[in-house]
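Counting starts at 1 for both ligands and their atoms, following the listed order. Numbering of residues begins at 1 and proceeds along the displayed sequence.
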Amino acid sequence: MENLNAERRLFINGALVDAEGGRTYDVINPATEEIAGVVASASLADADRAIAAARRCFDESDWSTNKARRTRALIQLRDGLKAASDAWRRQIVAESGCPIAFTHGPMLDSSVADIDYSLRLLATYPFERELEDLGSPMGGAARRLVCKEAAGVVVAITPWNAPVQTNLQKTIPALAAGCTVVLKAAHDTPWAATMLGRVASQCPDLPPGAFNVLTSSADGSLGAMLTADPRVDVVSFTGSTATGRRVMESAAKTIKRTLLELGGKSAMIILDDADFSRALVGASFVCANAGQGCVLNTRLLVPRSRYDEAIAILESIYRNVPYGDPTDRKNIMGPMINAAQRERVLAYIEKGKAEGARLVVGGGKPPRFAKGYYVEPTLFADVENTMTIAKEEIFGPVLVVIPFEDDEDAIRIANDSIYGLSGSVISASPERAMKVARRIRTGSMNVNGAFFFSPNAPFGGYKQSGIGREMGIEGFEEYLETKTIAVPVDFPAAAIAHASP
Ligand code: NAP
């Protein structure tokens, strides 16, 4: 077993601690199917202590009101994570099977670098503003201040497919806003969270309880408890739409603010005037991280008039997707996260065939790997948008190609989905492409190869892809409450002026 020096302990109330009774579970490397290490398996009592610590820190320390302290703490966290990034990279690849090349981008390095955006918001965000006096039905003049305050204790629950990115996307803006956080990692990717705990334990300006990290073997009970607990103010969840429904139900009992980043079945639309040889290259990106990405364009819409030409180009691309060992920098795709996910993807492929779609490339376990949860890059043609493989999120390296008649038909098909997370359009005509982009009911659109993702770009879904936004100013404001304070017009200025949070 490679010595990864991964952190196995929980982080609760400012200390790295073992789980109750010293319980641990094995972390499996999906590329080798071997045990890569162990990690603490938190109990409900551990989770209770984490919530209590976060609540106490929020209510009793100056964390939510001391912006200078939060700035220092985030700088310490960022610098510590940067210093740890090489060790962290090896841990993440080992636990998730994510291609190492992607850890030099959003899977690690750029997500850590994006902490700077939250620091920028901390320095520039207007936490208070005074309103124009438009009077009041109650009569009398007043000055009215709108104050943005930290929303309270945040429970952040994250998935395994982009674990560092989702952990940081939630934790950093929440901490910057002055909230305290309990992060619960996905059971398959605990080290993407425990490294945060290890580095946080070295940050002198982070008070005990401001940030807590829990890892636990899968039984759903920890997530259910965290989302129902009355001491928690906000639940920030990223995961499947099915679990998102349960989270919403559980949080509803105490009317918690709920941010949901859920699944997708996004469409890439190639209009009939596009240069196919260039446009279709992007379609192979569905195989990135073995298709385990919520924003991937897993439905490809091509004009019926050029359908055969498109399939011929795609067949050659899909036969040559570089995949295999995730530690090899040339691969864009490693294994599926675990055996169950591989079986789920293979079952979808069988369903596609049974419902009449034409399998062009792949469709099974690649024979060249004796070990590892691999699935071949898979291409389906002759797909109807009503088929299961076009409607449901497969979360594997499977592209379905759907023909359309004209631009209106393409828009109709793209929008005919319970999801609305992302999408793309490509056309030789910028005006035509933009017209289509504006009509798709989705949280982000990429036009002619440009990519929406950036630290200041709000990210989230329409429809059953979620509620709320992460990143950007909108993502920061998810962790703020709004309070209006009215004072008499002759109120002393010195009483109004105070250090904003
Ligand atoms: P998942 O099964 O929904 O799990 C997500 C997280 O929820 C895990 O930490 C899981 O813990 C936890 N959980 C399980 N049951 C729970 C419950 N009853 N209450 C609260 N939490 C519970 O999703 P996944 O399979 O890990 O991730 C893949 C999904 O995430 C895909 O659907 C993908 O589209 C979506 N995703 C969305 C975005 C986005 O921004 N929109 C980004 C990335 C991924 P355990 O691991 O312990 O079960």
Would you mind finding which of Ser240, Ala186, Pro190 brings a heavy atom closest to atom 29 (C) of ligand 1? Ser240

Side chains of Lys371 and Thr32 only: does a donor on one sit below 3.5 Å from an acceptor on the other? no

Would you say the side-chain atoms of Ser43 and Asp46 include a donor-acceptor pair closer than 3.5 Å? yes

Ignoring hydrogens and angles, state whether a donor on the side chain of Ser250 or Thr227 is under 3.5 Å from an acceptor on the partner side chain. yes

Which residue and heavy atom of the protein sit nearest atom 24 (P) of ligand 1, plus the separation: Trp160 NE1, 3.3 Å

Please confirm whether Gly244 comes under 4.0 Å of ligand 1, counting heavy atoms of the residue only. no

Heavy-atom nearest neighbour in the protein, as seen from atom 42 (C) of ligand 1, with distance rounded to 0.1 Å: Cys294 SG, 2.9 Å

Under 3.5 Å: N/O of Asn161 near N/O of ligand 1: no

Does an N or O anywhere in Asp188 fall below 3.5 Å from an N or O of ligand 1? no

Under 3.5 Å, side chain of Thr254 to main-chain N/O of Pro230, donor-acceptor pair present? no

Quick look: Ala185 vs ligand 1, heavy-atom contacts under 4.0 Å, and the answer is backbone

Could you check atom 35 (C) of ligand 1 against the protein and tell me its nearest heavy-atom contact, residue, atom and distance included? Gly239 O, 3.1 Å

shortest atom 28 (C) of ligand 1-to-protein heavy-atom contact is with Phe395 CE2, 3.6 Å

Looking only at protein heavy atoms, what sits closest to atom 27 (O) of ligand 1 is Pro159 CB, 3.2 Å

Any N or O of Thr227 closer than 3.5 Å to N or O of ligand 1: no

What atoms in ligand 1 come closer than 4.0 Å to a heavy atom of Thr158? 6 (C), 8 (C), 9 (O)

At a 4.0 Å threshold, what atoms of ligand 1 neighbour a non-hydrogen atom of Phe459? 40 (O)

Sub-4.0 Å atoms of ligand 1 with respect to non-hydrogen atoms of Ile157: 6 (C), 7 (O), 9 (O), 12 (C), 20 (C), 21 (N)

Nearest to atom 7 (O) of ligand 1, what protein heavy atom do you find, and at what distance? Phe237 CE1, 3.2 Å

Short version for Gln292: what comes under 4.0 Å of ligand 1, heavy atoms counted, is neither

With no hydrogens and no angle check, is any side-chain donor or acceptor of Lys184 less than 3.5 Å from a backbone partner on Val155? no

Nearest non-hydrogen protein atom, atom 18 (N) of ligand 1: Arg246 NE, 3.7 Å

Does an N or O from Ser216, backbone or side chain, lie closer than 3.5 Å to an N or O of ligand 1? no

When you look for heavy atoms under 4.0 Å from ligand 1, do you find them on the side chain of Val247, its backbone, both, or neither? side chain

Ligand-residue contact atoms, ligand 1 with Gly223, heavy atoms, under 4.0 Å: 19 (N), 20 (C), 21 (N)

Indicate whether any N or O donor in one side chain lies under 3.5 Å from an N or O acceptor in the other, for Tyr125 and Glu477. yes

With side-chain hydrogen bond (donor to acceptor under 3.5 Å, both in side chains) as the criterion, how do Ser41 and Thr24 come out once you've worked through the C-alpha distance, each side chain's angles and the decisive distance to 0.1 Å? CA-CA 5 Å; Ser41 185; Thr24 61; over 6 Å; no

In the protein, what heavy atom is nearest to atom 34 (O) of ligand 1, and what distance, to one decimal place, separates them? Glu393 OE2, 2.6 Å

Do the side chain of Thr298 and the main chain of Lys265 share a donor and acceptor less than 3.5 angstrom apart? no

Between Asn385 and Arg299, does any side-chain donor sit less than 3.5 Å from a side-chain acceptor? yes

Check contact between Ala224 and ligand 1, using heavy atoms of the residue and a distance below 4.0 angstrom. yes

I'd like to check His187 versus Tyr25 (side-chain heavy atoms, cut-off strictly below 4.5 Å). Are they in contact? yes

Lys184, any N or O under 3.5 Å of ligand 1 N or O: yes

Checking Ser417 against Lys391 for the side-chain hydrogen bond (donor to acceptor under 3.5 Å, both in side chains) test, could you report, in this order, the C-alpha distance in whole Å, the side-chain angles of both residues, the deciding distance, and whether it holds? CA-CA 7 Å; Ser417 170; Lys391 287 196 304 193; over 6 Å; no

Quick one: does Thr378's side chain get under 4.5 Å of Leu359's, heavy atoms only? yes

Nearest option to atom 22 (C) of ligand 1, as decided by whichever heavy atom of Thr215, Thr243, Val235 sits closest: Thr243

What are the atoms of ligand 1, with element, lying closer than 4.0 Å to any heavy atom of Thr238? 5 (C), 36 (N), 37 (C), 38 (C), 39 (C), 40 (O), 42 (C), 43 (C), 44 (C)

Could you please spell out the steps behind the side-chain hydrogen bond (donor to acceptor under 3.5 Å, both in side chains) verdict for Glu392 and Tyr348? CA-CA 9 Å; Glu392 297 185 12; Tyr348 270 117; 2.6 Å; yes

Under a 3.5 Å cutoff, is there a donor and acceptor pairing between the side chains of Asp325 and Asn331? no

Could you list which atoms of ligand 1 come closer than 4.0 Å to a heavy atom of Leu421? 41 (N)

So is Leu262 polar-close to ligand 1, meaning N/O to N/O under 3.5 Å? yes

Are more than 12 heavy atoms, taken from residues, nucleotides or ligands other than Ile418, located less than 6.0 Å from that residue's CD1 atom? yes

Counting only heavy atoms from other residues, nucleotides and ligands, does the tally under 6.0 Å from CE of Met225 exceed 12? yes

